[in-house]
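Each remark here refers to the structure printed beneath this line.
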Amino acid sequence: MITKGERLVFEILTVQKMEGLLEPSFSFLLNGFVQRMPRFYVLSKYRIILFGLLKFGIEQFFLRVYHSSMAEHVYYLKRTGTNLYLKSIGQLVFLEMLYTLMNDYYEQYAQDGLLQSFYQSNRWRSLVVKWYPRLKQLYQSLDLAFIISYTLEISSHCSLLFYLLNIRIKRLDPTDLQQQSWIMKHIVPLSLLAYRFLEWFDANQKSKEPIPPPPAKIGNYSSKRCFLCQKQRTNPATIPSGYLFCYQCIHQHLSEHFKCPITLESFTTDDIRKVYY
């Protein structure tokens, strides 16, 4: 016999997967817009803030009207609990922004393992970079434990955050179903389908692009020296303009100027790539 927990767990997992697609979808559309309208490149610097504002506008509407997030509303679910609006906004918007920011921070600095001076100059950041992946793994393990206990009806909370915030998920009752918006019920799945199509289209178009020629040679550029510090390169890194620099040199330069020092094309520190040879 299927239990109540089992009937809801699949919807909840689908909601989590759907919510996980929202930020990548927004980033994909923003990057596509910026690439076609370079004068708005500065918007990419504020991607997390822009996404947070957009999500706040959407989620606060659904929480006030339907007592659910946008994704939960699509799957006929709603939230129950005290101070539901404030707790849910904190979880859906601000914690999501913090999570995205920490992921970006970790990917940018920690995975390279090269900025030793950066670590030594700021012990707090060094501790965050060291412990963030471990804390993330611990949280995901606890979250999985809550999903399993929810499925087995041991717990009435489907996630660790919902337990800490004392929020529960239930199906919409007949009264709620009468208020279900046909437009909102269909527009979100169609939007995600459109995102997948745009992602496929963009990848297909890029596969047809010709291989770009190597960057032009310039008078004072050496194949062994960094253009910025004029010393032999250490921890070599490149950006889409094609030129090589010291990792720390180009990272500091892009953090301040957001342009290639040679071609003056607009880039950010996210465009830096390590070179191994």
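We number each residue from 1, following the sequence as shown. Computed from a predicted structure; not experimentally measured.
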Say whether Arg168 and Asn166, considering side chains only, have a donor N or O and an acceptor N or O under 3.5 Å apart.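 Side-chain D/A pair, Arg168 to Asn166: present.
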Just checking, is any N or O donor in the side chain of Ser27 or Glu23 under 3.5 Å from an acceptor N or O on the other one?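 Yes.
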Side-chain contact, heavy-atom cut-off 4.5 Å: [X] with [Y]?
{"X": "Leu135", "Y": "Tyr139", "answer": "no"}
{"X": "Ile262", "Y": "Phe245", "answer": "yes"}
{"X": "Arg273", "Y": "Ile239", "answer": "no"}
{"X": "Lys170", "Y": "Lys78", "answer": "yes"}
{"X": "Pro240", "Y": "Glu265", "answer": "no"}
{"X": "Gln232", "Y": "Cys226", "answer": "no"}

Are Leu92 and Glu19 close enough, and set up right, to give a side chain to side chain contact (heavy atoms under 4.5 Å, CB included), and what steps lead you there? CA-CA 9 Å; Leu92 290 166; Glu19 289 179 340; 3.8 Å; yes
Give the C-alpha distance, both sets of side-chain angles, the deciding distance and a yes or no for side chain to side chain contact (heavy atoms under 4.5 Å, CB included) between Ser88 and His67. CA-CA 9 Å; Ser88 297; His67 304 291; over 6 Å; no
Centroid-to-centroid, Phe146 to Tyr163, below 6.0 Å?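 Yes, they do, as the ring centres are separated by less than 6.0 Å.
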How are the rings of Tyr247 and His251 set to each other: parallel, tilted or perpendicular (split at 30° and 60°)?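 Correct class here is parallel.
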Should the pair Phe56 and Phe94 be assigned to parallel (<30°), tilted (30 to 60°) or perpendicular (>60°) ring geometry?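 If you compare the ring of Phe56 with that of Phe94, the planes turn out tilted.
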Can you tell whether the side chains of Arg171 and Glu11 come within less than 4.0 Å, N to carboxylate O?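 Looking at Arg171 and Glu11, the cut-off is met.
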